Protein chains: 4
Amino acid sequence: MARPEVSAEQKQVKREAILKVALEVFAEKGYHATGIADIASRLEAGHGTIYRYFKNKLDIFLTLYESLNAEFLAVAWGTRPDLAETREEYIAVMHKFCIDFSQIFLREINRIRIFFEEVYADPEIRKSFEAAQAEFLDTTIRFLTIGREKGFVRPELHIPSTARLMNAMVFDTMRAGTEPESASSNILLLATTLIDLFARGAMPQLK
Amino acid sequence: MARPEVSAEQKQVKREAILKVALEVFAEKGYHATGIADIASRLEAGHGTIYRYFKNKLDIFLTLYESLNAEFLAVAWGTRPDLAETREEYIAVMHKFCIDFSQIFLREINRIRIFFEEVYADPEIRKSFEAAQAEFLDTTIRFLTIGREKGFVRPELHIPSTARLMNAMVFDTMRAGTEPESASSNILLLATTLIDLFARGAMPQLK
Amino acid sequence: MARPEVSAEQKQVKREAILKVALEVFAEKGYHATGIADIASRLEAGHGTIYRYFKNKLDIFLTLYESLNAEFLAVAWGTRPDLAETREEYIAVMHKFCIDFSQIFLREINRIRIFFEEVYADPEIRKSFEAAQAEFLDTTIRFLTIGREKGFVRPELHIPSTARLMNAMVFDTMRAGTEPESASSNILLLATTLIDLFARGAMPQLK
Amino acid sequence: MARPEVSAEQKQVKREAILKVALEVFAEKGYHATGIADIASRLEAGHGTIYRYFKNKLDIFLTLYESLNAEFLAVAWGTRPDLAETREEYIAVMHKFCIDFSQIFLREINRIRIFFEEVYADPEIRKSFEAAQAEFLDTTIRFLTIGREKGFVRPELHIPSTARLMNAMVFDTMRAGTEPESASSNILLLATTLIDLFARGAMPQLK
DNA sequence: AATGAATGAGCGTTCATTCAT
DNA sequence: TATGAATGAACGCTCATTCAT
């Protein structure tokens with residue numbers, strides 16, 4: 001009984017070691033330019049070894065890709081706009097979401113890089129990306145719908161479009177974090193601005 | 001003297017013929033999956049011929065890519081927020097920009113597709129994309145800066161961040177137009193919502 | 001003293017277990033398409049284990065192959081044309097040989113399949129096949145030589161050639177038994193016809 | 001008009017050059033042990049070149065294989081037992097068939113070698129072999145049926161079985177020709193014996 | 001100018017075998 | 001004794017690019 005557990009555990013350890021170096025190489029060179037040989041040699045292992053743990057190159061990539069999607073989605077579905085009783089609380093929910101997202105970013109900058117850069121490298125990756133995007137859209141739609149019910153969102157706003165635009169801003173904020181530093185790519189500043197735009201728009205209020 | 005001119009002109013005609021079919025194939029299959037042979041055979045020409053007009057596959061792609069960027073940038077630099085005298089005119093400038101952008105889209109859906117999907121297919125493409133994005137950012141910064149000077153933009157807004165977020169929304173609106181139709185991917189609806197968010201935010205105004 | 005015996009016995013039991021499943025897999029997939037992993041997994045053992053009992057894949061195959069040859073040869077050497085006193089008894093010897101061969105077939109269809117199909121899969125197998133064929137030829141030559149001495153075989157017949165042709169018919173009859181059923185592949189009918197051709201030829205006798 | 005013809009002709013010349021060396025290598029090393037690289041290097045060409053003329057390794061092999069089948073079948077269908085008016089003429093038809101077959105053999109010993117040795121190297125080859133065998137059987141059945149109608153074949157003989165056994169002898173005679181010389185592998189002697197067995201059987205006629 | 005035949009580096013992947021545990 | 005993780009040589013094949021015609 002103990003034995004298979006150890007074996008399975010060791011297998012998992014090795015899988016994760018492969019994922020770790022694969023992520024590094026994918027982030028450095030991109031999906032297409034990365035060869036199994038690159039991953040194997042950085043792992044200081046034979047390239048046959050990798051095929052003991054993953055079906056093929058795509059399998060490795062999708063594993064990395066989907067685990068990131070899962071983390072993002074967990075944060076997104078974890079927001080609780082339903083608990084917000086006031087306008088300020090509603091904004092605070094959004095704020096918390098941005099903070100949580102940022103934390104994943106800080107931890108997972110390489111995975112975020114491949115998340116954005118390799119969307120179209122393979123039809124399977126694209127499918128995975130699109131499935132995740134659709135689900136993200138659902139979470140944002142939920143956020144807005146609850147907000148409207150509670151009177152925190154202007155009722156005349158078209159929710160699906162708004163959700164899509166907000167997601168575009170959120171993901172671009174993440175993407176900014178993967179870029180070499182510049183004034184415009186400060187992730188926190190972008191998040192603050194995003195919330196400000198959401199709350200008040202860009203134009204002064206007419207009296 | 002006449003001869004070389006004709007020759008150069010003919011050369012240009014052929015170049016454009018190649019670009020035309022290359023665009024089709026790139027849009028259908030993507031950069032990596034497209035072979036020179038695919039382009040040549042659809043052109044009904046030998047593949048050696050293509051190398052007389054372009055250095056290599058990347059050269060063809062970048063030519064297409066950069067001409068699209070140039071068109072987009074021409075529209076962006078052509079906006080005249082400086083001529084807006086009223087809040088409504090300022091919004092109208094933005095509206096016109098969206099309309100003009102949409103028109104490029106309607107005409108150039110294939111180029112827009114490759115614009116979005118092949119950003120990271122090659123480091124050169126990426127560089128080109130990033131250069132264009134930086135310039136787009138400049139046009140939006142100009143738009144916002146002029147708006148602020150004229151009192152149409154809230155002075156406390158951080159302009160570079162706002163510009164980046166607006167661009168994210170604009171490009172995502174374009175991208176939506178390349179996707180199979182769905183409620184959320186209506187390009188005009190997205191543009192209208194974008195302007196609405198810009199003008200008023202998503203939340204009701206406090207009295 | 002007892003111990004090594006038991007060990008050797010156990011070793012033999014395991015060897016036979018390996019041969020049993022190996023035969024199944026070889027028959028199903030063929031020599032080249034069969035991997036050590038296929039055999040090991042059907043055996044529910046590690047693939048390293050197999051190398052404790054056999055030198056390599058070829059060793060397993062040849063063991064199976066040669067044991068079948070040995071069985072066939074035992075039957076062939078077991079014919080007793082020397083005991084035949086009459087033409088009818090001589091034919092009966094041949095008949096018995098066909099029946100005995102068929103029984104091996106009924107029992108060992110899988111080994112017969114690999115016997116025919118994998119002759120050239122490896123030079124070693126080929127060598128084994130050819131050695132067996134040469135020995136089969138000897139048995140048939142013996143059968144015919146004795147027959148001639150006893151006046152049951154036409155003296156003008158070239159015995160080595162006749163032996164070879166008869167063997168060709170015998171093995172093709174066996175091979176027919178491994179094929180999906182059809183009118184022409186009825187093993188008993190073929191054997192009967194073979195004997196009939198041997199005894200009387202295909203043409204009517206001239207008066 | 002002249003141009004494409006020349007081009008197609010050159011293409012054919014090259015195809016045949018490839019087939020020529022491929023046949024040599026296949027005959028020497030066998031299908032599985034032959035690599036595209038082996039063929040290419042003997043051709044003194046890059047291995048990519050081969051893929052301009054053939055889809056893959058199997059394509060080359062099947063081309064060789066099927067052209068041999070076609071030659072054999074042409075000979076088989078070219079026999080004219082229907083023209084035989086006497087027993088001797090009927091035997092002469094068979095004799096001619098053997099001679100013609102032998103001539104292909106003398107010309108095509110390498111193709112005959114692969115014909116026999118690589119039957120099961122790939123399912124496609126096997127399919128091709130079996131289709132050819134079935135057609136050969138038809139030609140022999142035709143030969144025997146016409147013989148029976150004309151009174152040259154004993155009416156009680158089971159024709160499909162007889163046809164199958166005769167084919168086994170014919171092909172084994174061919175196979176003998178591919179083997180290192182021995183008393184039993186004299187192709188003409190085998191053919192003569194085959195006809196003798198066909199005509200008179202192996203046993204003395206009862207008075 | 002136009003061609004397309006030739007090239008070969010490079011890819012992802014398989015699997016028989018070894019050997020430390 | 002039994003294991004299965006590790007290995008890496010070797011495979012078939014693709015395709016961007018060159019260059020002789």
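Protein chains get the first letters and strands the later ones, always in sequence-line order, with residue 1 at the start of each. Worth saying up front: this structure is predicted, and the values here are computed from it rather than measured.
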Residue C:Tyr53, side-chain heavy atoms: nucleotide from F:dA6, E:dT18, F:dA2 that is nearest:
F:dA2
Between E:dT14 and A:Tyr51, is there an OP1 or OP2 to side-chain N/O distance shorter than 4.0 Å?
no
Return the 5'-most residue of the pair A:Lys14, B:Ile36 with respect to DNA chain F, ranking by each residue's nearest nucleotide.
A:Lys14
By the definition ring-ring contact (aromatic ring centres under 6.0 Å, His included), identify the one residue from C:Phe26, C:Tyr65, C:Phe61, C:Tyr31 that meets it with C:Phe115.
C:Tyr65
Could you identify the nucleotide paired to E:dA1, looking across every strand shown and requiring Watson-Crick or G-U wobble geometry with both distances under 3.5 Å?
none
Hey, what do you get for CD1 (D:Ile50) to NZ (D:Lys55), rounding to the nearest 0.5 Å?
15.0 Å
Under a 3.5 Å cut-off for both contacts, is E:dA16 paired Watson-Crick or G-U wobble with anything, and if yes, with which nucleotide?
F:dT7
Is the shortest heavy-atom distance from the side chain of B:Asn110 to the side chain of B:Thr178 under 4.5 Å?
no
5' precedence on DNA chain F between D:Asn56 and B:Lys55 (nearest-nucleotide basis)
D:Asn56
Categorize C:Thr34 for me: base, sugar-phosphate, or nothing, with a 4.0 angstrom heavy-atom threshold over every strand shown.
sugar-phosphate
Which nucleotide, if any, forms a Watson-Crick or G-U wobble pair with E:dT21, using both distances under 3.5 Å?
F:dA2
Report the residue (D:Glu44 or C:Leu58) whose heavy-atom-nearest nucleotide on DNA chain E is the more 5′ of the two.
D:Glu44
Within 45° cone of D:Tyr120 ring axis and under 6.0 Å: D:Arg126 NZ or CZ:
no
Out of F:dT17, E:dG8, F:dG12, which nucleotide sits closest to the side chain of D:His47?
E:dG8
If you pin A:Ala37 and D:Thr49 to their nearest nucleotides in DNA chain E, which one's is more 5'?
D:Thr49
